[in-house]
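Before any comments, here is the structure.
Counting convention: from 1, in listed order, for ligands and their atoms alike.
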Amino acid sequence: MKLGLVLISVLALSQVCLCFHEVPHMLVLAIAKKELMKNDMEVYNITAKYLDTYSTQGVDTVSTTTYEENAVWADDIKVYGDAQKAMEMWHYIGNKDSNPQNLTPLKKDPMADSENALNAYNNIVKVLTNEKFVGQMTEFKVNMLKMLVHIVGDIHMPHHTGSFYNATYKNDKGEFWGDLGGNRQMINFYTSTGEMKKTNIHFYFDSSCFFYTWTNRLVRPLNETFKIYFQRELDRIVAQYPKESLNIDNTKTFSDWADESWNLALNNVYPFLLSKNEIHYGDDFYNSSFDMIQKRIVTAGYRLAYTLQKLFTPEKGLIKANTPLSYQQPIANNNNNSINNQKDNTNQTLASTYESSDNQSNKAMAIVFGVLFGLTFVAFIFSIIYFKKTVSPSTYQRTSNDLIEAKNINVQKLASTENNL
Ligand SMILES: *[C@@H]1O[C@H](CO)[C@@H](O)[C@H](O)[C@H]1NC(C)=O
Ligand SMILES: *[C@@H]1O[C@H](CO)[C@@H](O)[C@H](O)[C@H]1NC(C)=O
Ligand SMILES: *[C@@H]1O[C@H](CO)[C@@H](O)[C@H](O)[C@H]1NC(C)=O
Ligand SMILES: *[C@@H]1O[C@H](CO)[C@@H](O)[C@H](O)[C@H]1NC(C)=O
Ligand SMILES: *[C@@H]1O[C@H](CO)[C@@H](O)[C@H](O)[C@H]1NC(C)=O
Ligand SMILES: *[C@@H]1O[C@H](CO)[C@@H](O)[C@H](O)[C@H]1NC(C)=O
């Protein structure tokens with residue numbers, strides 16, 4: 001029984017987890033909030049308006065009671081499985097790899113270069129700054145903002161950017177599939193009470209060196225006790241790592257942040273792992289990695305504040321406490337595609353004009369299709385009658401046999417071509 005329990009918890013821990021924990025994510029957004037409230041209250045209000053919009057009725061799994069909890073939305077929606085598959089790969093960049101022994105063949109996700117946090121971020125920025133929707137709080141913008149506040153945190157983690165390849169990480173087919181952002185790199189972690197926890201290095205960092213896992217577990221939605229705890233933790237980390245001490249350079253891009261993270265993994269984590277996979281609470285590696293990860297959290301928070309300020313300044317004076325959620329109007333086809341030209345069309349009246357002219361052309365199209373369909377149907381009935389009368393069953397049979405043979409030849413050809421590759 002006890003062994004069973006241990007096994008279950010080991011299995012639960014060793015599960016592939018590409019998310020980083022709730023508290024660090026919420027800290028990143030809370031630091032951004034604090035900074036915005038200090039520097040630009042109006043932009044803070046705008047972001048709060050966006051984030052509050054869906055907190056109780058949107059595609060949430062855990063209802064949200066605070067601004068900060070929106071940072072976890074992107075993980076919460078993972079329970080929808082395939083329904084949110086397109087966004088599953090937005091939490092990391094899986095292609096900054098290290099393969100020091102030049103091993104081949106490598107098994108990589110063919111989507112890694114396109115479906116990743118960097119491309120997602122760039123597209124989210126386009127959505128949030130689309131001139132056609134400035135001043136309109138659309139449902140889509142609400143969701144994309146929630147993704148953004150999450151992935152800025154993720155990308156500051158050392159193991160959300162690449163994989164390490166060596167002989168250990170090999171699948172059944174003999175392909176080197178790497179450590180999957182540290183998810184396959186198991187470690188033994190000894191807690192402050194000396195208890196051993198088997199886990200992986202990805203999880204170690206996502207949980208801030210286990211700091212927010214067993215001893216400081218929060219349950220969401222946050223109740224009053226947890227809100228007090230969270231505030232205390234926020235005050236502590238911000239005081240410990242003052243903004244001036246972090247050398248935050250605002251000219252750095254999302255891609256630079258990811259490079260920094262991967263360099264931390266390469267310089268500070270993998271050299272250690274190559275000699276050891278045991279970490280004890282309070283040892284050298286623990287102390288230095290905990291310090292490193294806390295700096296990343298705080299840095300991500302300040303960078304997020306700066307990013308939000310840049311993104312939402314154009315909506316100052318436009319998004320207010322009483323701005324309703326608006327539904328994105330489809331872009332009319334008979335419109336000029338250039339953004340400059342469409343700026344003036346961000347207008348409910350104009351949009352509905354386009355809609356009604358679209359409706360009229362739709363009606364005309366429906367009539368044309370109706371007539372065409374009727375004619376086709378009549379022709380079809382006639383051809384069936386004709387076919388039945390003139391084509392004998394034997395001809396019928398021969399045709400289909402030829403077809404199957406032709407298909408088989410093609411299949412064989414394909415297979416041999418593949419072998420030659
Ligand atoms: C921000 O929102 C608060 C509460 O709704 C309001 O009292 C305050 O005036 C707003 N500040 C700005 C600068 O918009
Ligand atoms: C908040 O939840 C925790 C654990 O579920 C509980 O121990 C605590 O008493 C709760 N606090 C309040 C104010 O309900
Ligand atoms: C592969 O790298 C890991 C550290 O990431 C190390 O624990 C393991 O021993 C290495 N395997 C080999 C075969 O060198
Ligand atoms: C790690 O940090 C703790 C707390 O600051 C300290 O007591 C301990 O001596 C440090 N460990 C090492 C190996 O320096
Ligand atoms: C589309 O807009 C651009 C820029 O405003 C303008 O130069 C161009 O002539 C327009 N094209 C059409 C077909 O209206
Ligand atoms: C939007 O439509 C209204 C009429 O309902 C008009 O007064 C206003 O000037 C339009 N705004 C723009 C930017 O075209």
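- Listed by atom number, the atoms of ligand 3 under 4.0 Å from Y270 heavy atoms are 5 (O).
- Put simply, atom 3 (C) of ligand 1 has protein non-hydrogen atoms near it, under 4.0 Å away.
- Close contacts between ligand 4 and N287 involve ligand atoms 1 (C), 2 (O), 3 (C), 8 (C), 10 (C), 11 (N), 12 (C), 14 (O) [criterion: under 4.0 Å to a heavy atom].
- Summarising the contacts of atom 6 (C) of ligand 1 with I46, I319, D40, N45, the nearest heavy atom is found in N45.
- Using the six-membered ring where Trp is involved, H160 and H202 have ring planes that are tilted, between 30° and 60° apart.
- Contact check on K316 versus D40 returns a salt bridge, with a Lys/Arg side-chain nitrogen under 4.0 Å from an Asp/Glu carboxylate oxygen.
- The minimum heavy-atom distance linking I151 with A120 is given by the pair CD1-CB, 4.4 Å.
- Nearest protein heavy-atom contact of atom 9 (O) of ligand 3 is T168 OG1, 4.3 Å.
- Here the NE2-CG distance, from H25 to N70, works out to 13.0 Å after rounding to the nearest 0.5 Å.
- By the 4.0 Å N-to-carboxylate-O rule, K141 lies close enough to E315 to be salt-bridged with it.
- Every heavy atom of N277 sits 4.0 Å or more from the atoms of ligand 3.
- Using a 4.0 Å threshold on non-hydrogen atoms, atom 11 (N) of ligand 1 counts as touching the protein.
- The contact set between ligand 3 and Q185, taken as ligand atoms under 4.0 Å from a residue heavy atom, comprises 3 (C), 4 (C), 5 (O), 7 (O).
- When non-hydrogen atoms are compared, ligand 3 lies under 4.0 Å from the backbone of L273 as well as from its side chain.
- With salt bridges taken as basic N to acidic carboxylate O contacts below 4.0 Å, none links E260 and K96.
- Scanning all protein heavy atoms for the shortest distance to atom 13 (C) of ligand 4 gives D284 OD1, 3.4 Å.
- With respect to the salt-bridge test (charged N to carboxylate O, under 4.0 angstrom), the residues K78 and E88 do not qualify.
- Taking atom 14 (O) of ligand 3 as the reference point, the nearest protein heavy-atom neighbour is N166 ND2, 3.6 Å.
- Relative to the ring axis of W257, R296 does not place its NZ or CZ within 45° and under 6.0 Å from the centre.
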